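Just so you know, these numbers come straight off a predicted model, no measurement behind them. We number each residue from 1, following the sequence as shown. Hydrogens, waters and symmetry mates play no part in the numbers below; they use all other heavy atoms, side chains included.
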Amino acid sequence: MDYIIITAGGKGLRMGSDIPKQFLPVSGIPVLMRTIKRFREYSKELQIILVLPKAQQDYWKQLCQKYNFQEEYLLADGGETRFHSVQNGLNLIPNSETGVVGVHDGVRPFPSIEVIKRCFETARTAKAVIPVTPVVETLRFVPENKNVLRSDYRLVQTPQCFDINLLKKANQQPYSEKFTDDASIVEAIGQQVTMVEGNRENIKITTPFDLTIATALVANQK
């Protein structure tokens with residue numbers, strides 16, 4: 001069986017809102033609901049694991065009632081860091097389970113179905129896969145105050161997909177501040193990560209400007 005762990009632990013500080021960013025509405029529907037729906041569109045059989053801080057779970061349940069949101073998922077408690085949150089999600093997957101597990105940011109509601117499929121299917125053989133997009137802006141390396149070749153860099157997105165046993169093994173390591181995403185965690189045990197093409201619409205909503213872009217993306221999909 002395949003799984004997707006959707007982490008949503010934001011506090012909305014950069015959004016300038018008292019409401020955590022994953023709960024803010026985009027064209028009338030909370031961001032997190034749009035994210036979950038996208039993965040359900042990809043697969044009716046995919047097991048969804050939602051990771052939320054305990055302090056936000058009651059509010060989330062109220063939102064589900066308000067919006068009549070009835071998608072099925074397992075719920076795990078958020079941890080001190082993203083690393084620990086993913087650990088809590090992984091603990092809901094039986095150790096005997098085989099297949100692919102993806103990890104996705106709850107505030108990325110626009111991964112294309114094609115990208116989700118590409119990540120999961122590639123991970124069946126490559127074991128560790130991340131979606132990336134080219135850098136379109138000029139990059140400047142601040143310590144040396146000079147430009148660098150943007151063709152040497154890629155922007156990393158989610159879902160990042162892994163063999164279940166591989167990610168479980170990698171997450172048994174002690175936490176390190178070097179673990180900036182799940183790919184860096186599996187690389188720390190020697191696993192090579194494969195890059196596949198992502199989609200530019202797969203933005204991470206963290207600022208009011210991102211909300212404006214998200215609203216435009218929804219309007220363009222209609």
Quiz item: Under 3.5 Å, is there a donor-acceptor pair between the side chain of R108 and the main chain of T35?
Solution: no

Quiz item: More than 12 heavy atoms of other residues, nucleotides or ligands under 6.0 Å from CZ of R124: is that the case?
Solution: yes

Quiz prompt | Same cluster (ILVMFWY, side-chain, under 4.5 Å), I48 and I29 | solution = yes

Self-check item: Shared hydrophobic cluster for V107 and F83 (ILVMFWY, side-chain gaps under 4.5 Å)
Solution: no

Practice problem: Write down the atom of P131, the atom of V115, and the distance for their closest heavy-atom approach. | Solution: CB-CG1, 4.0 Å

Self-check item: Chi angles and distances behind the side chain to side chain donor-acceptor pair (under 3.5 Å) call for N88, S85
Solution: CA-CA 5 Å; N88 292 347; S85 291; 5.6 Å; no

Quiz item: Is the shortest heavy-atom distance from the side chain of E80 to the side chain of Y175 under 4.5 Å?
Solution: no

Quiz item: If you take all heavy atoms of K21 and I205, which pair is closest and at what distance?
Solution: CD-O, 3.6 Å

Quiz item: Does one side chain, of Y3 or E97, offer a donor that lies under 3.5 Å from an acceptor on the other?
Solution: yes

Quiz prompt | N220 and L217, any side-chain heavy atoms less than 4.5 Å apart | solution = no

Quiz item: So, for L139 and R150, which heavy atoms are closest and what is the spacing to 0.1 Å?
Solution: CD1-CA, 4.4 Å

Quiz prompt | Minimum-distance pair of heavy atoms, taken over all atoms of Q191 and A128 | solution = CG-CB, 3.9 Å

Self-check item: Distance in Å, R40 CZ paired with E45 CD, rounded so as to fall on 0.5 Å steps
Solution: 8.5 Å

Practice problem: Calculate, to the nearest 0.5 Å, the distance between atoms NE2 and CG belonging to H84 and N171 respectively. | Solution: 9.5 Å

What pairs of donor and acceptor atoms, side-chain ones from residues 153-163 against any protein atom, are under 3.5 angstrom apart with sequence neighbours left out?
from, atom 1, to, atom 2, distance (Å)
R154, NH1, S151, O, 3.2
Q157, OE1, N199, N, 3.4
Q157, OE1, N202, ND2, 3.4
Q157, NE2, N199, O, 2.9
T158, OG1, H104, ND1, 2.8
T158, OG1, D105, N, 3.2
Q160, OE1, D182, N, 3.4
Q160, OE1, A183, N, 3.0
Q160, NE2, Q157, O, 3.4
Q160, NE2, D181, OD2, 3.0
D163, OD2, N165, N, 3.1
D163, OD2, L166, N, 3.0

Self-check item: Spacing of I116 atom CD1 and R38 atom CZ [to the nearest 0.5 Å]
Solution: 6.5 Å

Exercise. Flag the pair R118 / S112 as yes when at least one side-chain heavy-atom distance between them is below 4.5 Å, and no otherwise.
Key: no

Exercise. Heavy atoms only: give me the nearest I49-G89 pair and the separation to one decimal.
Key: CD1-O, 3.5 Å

Quiz prompt | Cluster check V103, I4: I/L/V/M/F/W/Y, side chain < 4.5 angstrom | solution = no

Quiz item: Should side-chain heavy atoms under 4.5 Å link Ile, Leu, Val, Met, Phe, Trp and Tyr, which residues sit in the same cluster as L149?
Solution: none

Expected list for residues 64-76: side-chain donor-acceptor pairs under 3.5 angstrom, two or more places apart:
from, atom 1, to, atom 2, distance (Å)
N68, OD1, Q70, NE2, 2.7
Y73, OH, W60, NE1, 2.8

Quiz prompt | Shared hydrophobic cluster, V101 / L46 (ILVMFWY, side-chain heavy atoms < 4.5 Å) | solution = no

Quiz item: When you measure from the side chain of D2 to the backbone N and O of V100, does any donor-acceptor pair fall under 3.5 Å?
Solution: yes

Quiz item: Any chain of hydrophobic side-chain contacts (each under 4.5 Å) joining L32 to Y42?
Solution: yes

Quiz item: In Å and rounded to the nearest 0.5 Å, what is the CD to CD1 distance from E41 to I36?
Solution: 12.0 Å

Practice problem: Decide yes or no on side chain to side chain contact (heavy atoms under 4.5 Å, CB included) for K127 and V186, but give the supporting numbers first. | Solution: CA-CA 10 Å; K127 304 296 184 183; V186 300; over 6 Å; no

Quiz item: Shortest non-hydrogen contact from I185 to Q173?
Solution: O-NE2, 2.9 Å

Quiz item: Does atom NZ of K168 have more than 12 heavy-atom neighbours, drawn from other residues, nucleotides or ligands, at distances under 6.0 Å?
Solution: yes

Exercise. Drop me the distance from E114's CD to E121's CD, to the nearest 0.5 angstrom.
Key: 13.0 Å

Quiz item: Roughly how far, to the nearest 0.5 Å, is CD1 of I93 from CG of L167?
Solution: 8.0 Å

